[in-house]
Amino acid sequence: GAGVSQSPSNKVTEKGKDVELRCDPISGHTALYWYRQSLGQGLEFLIYFQGNSAPDKSGLPSDRFSAERTGGSVSTLTIQRTQQEDSAVYLCASSTGGGISYEQYFGPGTRLTVT
Amino acid sequence: AQRVTQPEKLLSVFKGAPVELKCNYSYSGSPELFWYVQYSRQRLQLLLRHISRESIKGFTADLNKGETSFHLKKPFAQEEDSAMYYCALTPNSNYQLIWGAGTKLIIKP
């Protein structure tokens with residue numbers, strides 16, 4: 001069946017521009033997660049959605065980062081006024097329920113390069 | 001602070017040899033620990049979790065609370081085991097995962 005999809009797969013943007021990254025979770029998955037992976041590093045938790053609500057935004061690195069989820073499905077991660085340190089792979093994952101008991105299924109990621 | 005350390009960025013072993021990927025963690029409570037794997041051109045996927053106490057693709061991992069370790073082991077490595085391996089923990093049995101930087105495992109023929 002269809003897995004988690006993310007778009008675009010690659011994004012190159014100029015410093016100072018805004019970008020939007022999209023995640024389509026597996027149908028029926030209520031929980032959705034965003035992670036960031038910088039070169040040579042492990043994944044860094046950004047935000048967690050349960051339905052359309054984000055009970056935990058603690059991982060967002062600055063107020064330039066925001067995310068929303070609509071219809072309990074698609075999520076968009078927006079980075080405003082991008083900086084070079086935002087360059088990373090952004091991964092989305094979804095699961096059937098919230099909580100670590102539920103396996104997270106990952107998308108292929110969006111590679112963001114800020115020049 | 002909670003932290004997961006994978007001391008080896010790269011591990012290379014011959015096919016048929018035993019393999020051990022090290023993972024150490026820093027957490028004062030009772031964590032749940034996981035190993036994730038990413039094969040070439042594939043997505044990150046769960047390999048195993050300590051609470052399941054299962055063996056997946058011949059891999060096992062034992063939680064050693066005294067040494068705060070969760071090393072991943074396989075007695076006889078196969079070429080298809082070549083991949084990036086990430087150790088992760090959840091500190092509060094909730095949803096947030098804290099990740100190690102990963103170990104690239106290369107199995108030489």
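Each chain gets a letter, A, B and so on, in the order its sequence line appears, and its residues count up from 1. Just so it is clear, the model here is predicted, and its values are computed rather than measured.
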Next item on the list: May I ask you to name which of B:Gln45, B:Met84, B:Arg49 has the most heavy-atom pairs under 4.5 Å with chain A?
Entry: B:Arg49

Note to self: Does any backbone or side-chain atom of B:Arg41 lie under 4.5 Å from a heavy atom of chain A? Answer side chain, backbone, both or neither.
What the structure shows: neither

Checklist line | Heavy-atom pair with the smallest gap, counting every atom of B:Asn24 and B:Glu67 | finding: ND2-O, 3.6 Å

Checklist line | Which portion of A:Gln50 sits near chain B, non-hydrogen atoms under 4.5 angstrom | finding: neither

Notebook entry, point to check: With a 4.5 angstrom heavy-atom cut-off, which part of A:Tyr33 approaches chain B: side chain, backbone, both or neither?
Noted result: side chain

Item checked: Exam field: side chain B:Ser82 to backbone B:Ile107, donor-acceptor pair closer than 3.5 Å -> yes

Next item on the list: Fit a plane to each ring of A:Phe106 and B:Trp99, take the angle between them on a 0 to 90° scale, and name the class: parallel (under 30°), tilted (30 to 60°) or perpendicular (over 60°).
Entry: perpendicular

Item checked: Neighbour count >12 (heavy atoms, 6.0 Å) for atom NZ, B:Lys108 -> yes

Notebook entry, point to check: Under 6.0 Å from the CZ atom of B:Phe76, do we count more than 12 heavy atoms belonging to anything else shown?
Noted result: no

Item checked: Among the listed options A:Ser58, A:Gly42, A:Ser95, A:Ala93, the residue most often paired with chain B at heavy-atom distances under 4.5 Å -> A:Gly42

Next item on the list: For each of A:Gln41, A:Gln37, A:Glu103, A:Glu44, tally heavy-atom pairs with chain B at distances under 4.5 Å, and name the one with the top tally.
Entry: A:Glu103

